[in-house]
Amino acid sequence: MKVEMEDVDDSTLCDSVSSLVEGCRLPVHMKGTSDWPLAEIVSIKDLDGLKVYYVHYVDFNKRLDEWVTEQSLDTRKVHFPRKDAAPGTGVSTPKKVQIGSGISNSGQVSRPASPVSTNSELLNGNAVLAAALQKKINRSVILNRKRKGPSLEGEDSQDGPPSQQSAATGGPRQSGSMVSHHDDIVTRMKNIEMIEIGPHRVRPWYFAPYPQEMVHLACIYICEFCLKYRKSRKCLERHLIKCNLRHPPGNEIYRKDNISFFEIDGRKNKVYAQNLCLLAKLFLDHKTLYYDTDPFLFYVMTVFDHRGFHIVGYFSKEKESTEDYNVACILTLPPYQRKGYGKLLIEFSYELSKFEGKTGSPEKPLSDLGLLSYRSYWAQTILEILLSAKPIGENEKAQITINEICELTSIKKEDVISTLQNLNLINYYKGQYIITLSKEIIQQHYKAMETRQIRIDSKALHWTPKDWGKRAKW
């Protein structure tokens with residue numbers, strides 16, 4: 001399928017690929033599909049006498065960027081870069097992003113799905129509701145459950161989670177272990193071909209600042225216990241003989257069945273924390289490594305077997321957050337994605353907030369897949385609270401305040417309000433705000449909860465919050 005080019009200005013016929021330069025936009029055949037989406041040429045190089053082009057598919061996530069040959073280029077209409085365009089950026093950057101469902105263990109990239117809303121779209125609607133709710137935020141919200149047909153326990157579930165359209169993501173902010181980077185020509189291109197960690201071989205999604213001598217290797221071999229990187233499998237085998245770690249170098253603060261969480265201090269275990277950030281950068285686009293890991297704690301989730309504790313994912317957290325962020329960066333490694341581990345990481349971060357007696361929110365901006373996971377978690381957690389609310393009297397409806405929802409879930413007030421709005425649950429009726437839970441929403445919620453086989457058990461968490469403000473004064 002050819003892309004329509006009528007809407008692209010300044011397009012010209014190009015009789016030879018030799019005329020193409022970095023920044024040109026033209027239809028390119030996407031590998032593994034029959035589509036020819038519009039793409040921007042990011043870089044051009046000669047490979048054994050063959051000219052190859054690194055392309056970014058406009059309106060698609062950068063994880064789908066790839067090297068192609070001239071046979072994949074449609075040069076019938078080319079949009080050349082403007083003379084006033086910033087160097088290394090080609091033409092204007094895309095305004096929207098489409099999401100892929102991830103990468104399988106074999107490294108195959110799946111086709112992009114639905115687009116993510118821009119920040120301006122996400123913020124406008126929430127600001128209206130937030131302003132309206134501000135005056136009446138402490139007033140009770142009546143839960144008017146529309147029951148048509150059988151009771152909740154007997155209702156049949158329908159496919160799909162509750163509809164979630166948007167959530168406020170806020171503007172970019174620097175985080176200590178990873179900070180927003182300038183979108184230059186170097187960081188726009190994937191520089192690692194393949195990594196092997198434990199039994200898994202994975203193609204990275206994005207640029208990561210590994211040492212230059214590692215960049216041109218066919219595969220980087222990473223120890224799954226200490227996360228040190230090696231040039232060959234032979235080097236890794238020699239390393240494993242000497243490596244005495246079989247779990248992350250921190251305190252195990254949670255264990256339930258075969259799942260454990262370890263707390264790692266970025267100051268006490270600096271090398272491990274830096275290697276963890278390097279690994280994470282391969283799958284997080286909007287942040288880049290910063291080597292000062294001292295202000296951060298890292299919570300690493302592992303699964304246990306006879307060989308040891310294998311890393312599944314992690315999140316980092318500032319020791320002292322002035323804005324009540326309970327997560328700085330969060331990632332589930334690709335081999336473990338779409339198995340419920342992402343929501344488990346999120347649930348654990350809020351469990352820590354409950355122990356601290358605080359409400360929290362992830363640091364913005366979130367990655368596209370991270371944002372989807374948080375939207376889903378917020379919706380399921382809040383609906384769980386609403387459905388468990390009990391009426392005070394026999395003929396009265398259940399009542400709950402926004403603040404009570406925040407206290408029960410440790411979800412920040414702004415995230416609760418935006419979630420209620422995104423689900424279209426809240427209405428203003430006769431001077432008060434009413435949450436209406438339709439039969440369809442309830443069925444979708446129970447169907448979604450059936451897929452969450454693993455949950456955090458607060459009784460298995462053995463952790464005492466530290467007052468880092470006092471510790472800094474000692």
Side-chain angles (χ1 to χ4, degrees), residues 133 140-147 150-167 254 256 259 326-327 330 339-362 370-392 397-427 433-461:
L133 287 179
S140 294
V141 178
I142 296 179
L143 304 181
N144 179 21
R145 302 180 186 175
K146 287 185 179 178
R147 300 197 179 190
S151 63
L152 294 180
E153 291 76 10
E155 289 175 341
D156 296 326
S157 298
Q158 295 181 357
D159 292 338
S163 172
Q164 302 140 35
Q165 298 301 322
S166 61
Y254 179 92
K256 180 70 180 293
I259 294 176
N326 63 357
V327 165
I330 186 168
K339 296 180 180 180
Y341 291 117
K343 281 199 180 70
L344 202 67
L345 278 168
I346 296 172
E347 186 177 1
F348 189 78
S349 71
Y350 281 106
E351 198 63 41
L352 296 184
S353 295
K354 291 177 184 178
F355 269 62
E356 293 175 312
K358 300 177 181 177
T359 59
S361 185
L371 179 57
L372 288 176
S373 295
Y374 265 96
R375 287 177 181 170
S376 178
Y377 172 81
W378 288 332
Q380 291 177 8
T381 303
I382 292 170
L383 284 170
E384 211 169 22
I385 295 296
L386 299 181
L387 289 171
S388 64
K390 303 296 183 184
I392 299 175
K397 292 189 166 84
Q399 297 188 18
I400 192 170
T401 66
I402 300 293
N403 284 339
E404 287 172 344
I405 295 175
C406 296
E407 290 173 7
L408 290 169
T409 63
S410 281
I411 300 175
K412 208 169 181 63
K413 184 184 296 183
E414 292 80 3
D415 297 329
V416 172
I417 293 172
S418 67
T419 301
L420 291 174
Q421 184 196 29
N422 297 334
L423 294 172
N424 296 317
L425 297 183
I426 194 162
N427 299 284
Y433 289 94
I434 299 176
I435 295 177
T436 303
L437 299 180
S438 65
K439 178 181 176 181
E440 182 182 5
I441 285 289
I442 294 171
Q443 288 177 335
Q444 289 176 347
H445 170 69
Y446 285 134
K447 181 68 174 179
M449 294 305 292
E450 287 176 4
T451 64
R452 287 181 64 178
Q453 301 296 326
I454 47 177
R455 301 290 299 272
I456 294 297
D457 182 359
S458 59
K459 296 178 182 177
L461 175 60

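Note: hydrogens, waters and symmetry copies are ignored here, and every other heavy atom, side chains too, is used.
The line from CG of Leu386 to NE2 of His445 is 9.0 Å long, rounded to the nearest 0.5 Å. For the atom pair CG of Leu383 and CE of Met449, the computed distance is 9.5 Å after rounding to the nearest 0.5 Å. The CD atom of Glu356 sits 11.5 Å away from the CD atom of Glu351 when rounded to the nearest 0.5 Å. Taking CD1 of Ile411 as the start and NZ of Lys354 as the end, the distance is 8.5 Å to the nearest 0.5 Å. Thr419 OG1 to Leu425 CG: the interatomic distance, rounded to the nearest 0.5 Å, is 9.5 Å. Note that the OG atom of Ser418 and the CZ atom of Arg375 stand 9.0 Å from one another [nearest 0.5 Å].
Taking every heavy atom of both residues into account, Phe355 and Ser458 meet most closely at CZ-O, 4.1 Å. Of all non-hydrogen atoms in Lys412 and Ser361, the two that sit nearest each other are CD-CB, 3.8 Å. Nearest approach of Glu450 to Gln453, heavy atoms of both residues: O-NE2, 2.5 Å. Closest heavy-atom contact between Pro362 and Asp415: CD-OD2, 4.4 Å. Nearest heavy-atom pair across Cys406 and Thr359 is O-CG2, 3.8 Å. Taking both residues in full, the closest heavy atoms of Ala389 and Ala398 are given as O-CB, 3.8 Å, listed atom of the first, atom of the second, then distance.
Two residues are said to be in side-chain contact when any heavy atoms from C-beta on lie closer than 4.5 Å; Ile382 and Ile385 fail this criterion. Residues Ile441 and Gln444 meet the side-chain proximity criterion, which asks for heavy atoms closer than 4.5 Å. Residues Trp378 and Val416 fail the side-chain proximity criterion, which asks for heavy atoms closer than 4.5 Å. Residues Leu352 and Asn326 form no side-chain contact, since every pair of their non-hydrogen atoms from C-beta on lies 4.5 Å or further apart.
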Inset, instruction - Might you work through the side-chain contact (heavy atoms from CB on, under 4.5 Å) test for Ile456 and Leu461, ending with a clear yes or no? - result: CA-CA 9 Å; Ile456 294 297; Leu461 175 60; 5.9 Å; no
Inset, instruction - Would you please test Glu384 and Arg452 for salt bridge (charged side-chain N to carboxylate O under 4.0 Å, His left out) and show each step? - result: CA-CA 13 Å; Glu384 211 169 22; Arg452 287 181 64 178; 5.5 Å; no
Inset, instruction - Apply the test side-chain contact (heavy atoms from CB on, under 4.5 Å) to residues Thr381 and Ile346: give CA-CA distance (whole Å), side-chain angles for both, the deciding distance (0.1 Å), then the verdict. - result: CA-CA 11 Å; Thr381 303; Ile346 296 172; over 6 Å; no
Inset, instruction - Test Lys343 against Arg455 for side-chain contact (heavy atoms from CB on, under 4.5 Å), laying out the working first. - result: CA-CA 9 Å; Lys343 281 199 180 70; Arg455 301 290 299 272; over 6 Å; no
Inset, instruction - Determine, step by step, whether Ile434 and Ile426 satisfy the side-chain contact (heavy atoms from CB on, under 4.5 Å) criterion, reporting the C-alpha distance in whole Å, the side-chain angles of both residues, the deciding distance to 0.1 Å, and the verdict. - result: CA-CA 6 Å; Ile434 299 176; Ile426 194 162; over 6 Å; no
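Within the 3.5 Å criterion, the main-chain N or O of Leu437 finds no donor-acceptor partner in the side chain of Glu440. Ser376 places no side-chain N or O within donor-acceptor distance of the main-chain N or O of Ser373, the cut-off being under 3.5 Å. A donor-acceptor pair under 3.5 Å links the side-chain atoms of Tyr254 to the main chain of Asp457, judged by distance alone. With hydrogens and angles disregarded, a donor-acceptor distance shorter than 3.5 Å links the side chain of Ser410 to the backbone of Lys358. Counting only distance, with no hydrogens or angles, the side chain of Thr451 and the backbone of Ala448 share a donor-acceptor pair below 3.5 Å.
Using cut-offs of 30° and 60° on the angle between ring planes, the pair Tyr377 and Tyr350 is parallel.
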